[in-house]
Amino acid sequence: MTEPPTYIEPFTGKTYPLHDPRWRGENGSPLLISDLPGIKRSDISSTDRSIWRYAKALPIPVAAPVSLGEGCTPLLNSAIDGLPCKLKLEWFAPTGSFKDRGSSVMVSLLKQQGINTIIEDSSGNGGASIAAYGAAAGMKVEVFVPESTPSPKIAQTKAYGAEVVLVPGPRQATEAAAIENSAEFFYASHNWQPFFLQGTKTLGYEIWEDLGFRVPDNIVIPASAGSNLLGCHIAFSELMRSGEIDRLPKLFVSQPANCAPLHNSFQAGAEDFVDTDYAATIAEGTAI
């Protein structure tokens, strides 16, 4: 008999039931969802033009999805430096960001669990996305952002009805301030709440379907905290378990030259972050 899915601390293996809303382990560690069996192509709801066509891949059924039509983004034939490639145009998402995938699933599941007030910290896209989906779910949303956040992102978040709190100092200070205020609001962080990755994994399922249920050789993913990267890894691992594919694609991370902590640590062969000088970059969505 298959064990029911749970929250799991990846470092200790401790589990928690999914019906208990939480965003971290009792020891403060991050959580994931335990390994799921994946789905077959016959499980896809082909009449649903959104990420919810993959609803059977989620850990628990969702009775009333909170959706704005996210997913099913174009896959464009292109070339870079003369090499053929395909570009997945995630900026076609409702709020302009792939984070809508994660927000839709996370907000849907939290709403189903009785959560009606949420707090988030963000440098821009994540906050705007959760504000939009929170509004669609009828939730009260508070978003903590760094004082340096571009004004158009703040305006977008406010336009969805969220209360925005400006926090001085580095990005980490914004997260700390949100966590400090999470006693009043449920901390629905796109970097902490594991349901969010259950939404971003739909990108992997979608690429597989876009390619005629085939696996690409390589996927290059811009990343900061890495929810798109982790989501794709989860999706293709599930497809391996379901027997739909027999190999994993190679996943590559790209980061802006002026803010590339994962790249710098990898090149140094380090197990943790390497102190490096950082500078402003036009790719501000990945500058974390």
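Values in this document were obtained by computation on a predicted structure and should not be read as measured data.
Between E9 and R24 there is no salt bridge, since no side-chain nitrogen of the basic residue lies less than 4.0 Å from a carboxylate oxygen of the acidic one. Using a cutoff of 4.0 Å between basic side-chain nitrogens and carboxylate oxygens, D43 and R53 are not scored as salt-bridged. For the pair K88 and D210, the salt-bridge criterion is met [side-chain N within less than 4.0 Å of a carboxylate O]. Salt bridge E163/K158: absent, no basic N to carboxylate O contact under 4.0 Å.
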Legend entry - Verdict with supporting geometry, Y54 and E206, side chain to side chain donor-acceptor pair (under 3.5 Å): CA-CA 9 Å; Y54 311 113; E206 201 168 295; 4.6 Å; no
Inset, instruction - Could you please spell out the steps behind the side-chain contact (heavy atoms from CB on, under 4.5 Å) verdict for E175 and W192? - result: CA-CA 10 Å; E175 179 180 290; W192 279 89; 3.6 Å; yes
Legend entry - Candidate pair Q156 and Y160, rule side chain to side chain donor-acceptor pair (under 3.5 Å), full reasoning: CA-CA 7 Å; Q156 182 185 12; Y160 298 132; 3.2 Å; yes
Inset, instruction - Please assess T73 against W91 for the test side chain to side chain donor-acceptor pair (under 3.5 Å), listing each intermediate value before the final yes or no. - result: CA-CA 8 Å; T73 56; W91 50 267; over 6 Å; no
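Side-chain atoms of T286 come within 3.5 Å of backbone N or O of A283 as a donor-acceptor pair. The backbone N or O of A63 sits less than 3.5 Å from a side-chain atom of Q112, completing a donor-acceptor pair. T276 places a side-chain N or O within 3.5 Å of a backbone atom of V274 that can act as its donor or acceptor partner. The backbone N or O of Y187 sits nowhere less than 3.5 Å from a side-chain atom of E120 that would complete a donor-acceptor pair.
Side-chain contact check for Y278 versus N264: some heavy-atom pair is nearer than 4.5 Å. Two residues are said to be in side-chain contact when any heavy atoms from C-beta on lie closer than 4.5 Å; E209 and Y205 fail this criterion. Using a 4.5 Å heavy-atom threshold, the side chains of K201 and L36 count as touching. Residues N116 and L110 fail the side-chain proximity criterion, which asks for heavy atoms closer than 4.5 Å. Looking at P261 and Q255, their side chains come closer than 4.5 Å, going by heavy atoms from C-beta outward. Taking 4.5 Å as the limit, every side-chain heavy atom of S254 sits out of range of all side-chain heavy atoms of I221.
For F196, the ring-ring contact (aromatic ring centres under 6.0 Å, His included) partners at least two apart in sequence or on another chain are H190.
By the 6.0 Å and 45° rule, K14 stacks over the aromatic ring of Y16.
Between F144 and the choices V164, T149, N181, the side-chain contact (heavy atoms from CB on, under 4.5 Å) rule is met once, by N181.
Taking OG1 from T200 and CG from D100, the interatomic distance works out to 12.0 Å, rounded to the nearest 0.5 Å. Distance check, rounded to the nearest 0.5 Å: OG1 of T202 to CZ of R101 gives 4.0 Å.
Relative orientation of the F195 and Y7 rings is tilted, given thresholds of 30° and 60° on the angle between their planes.
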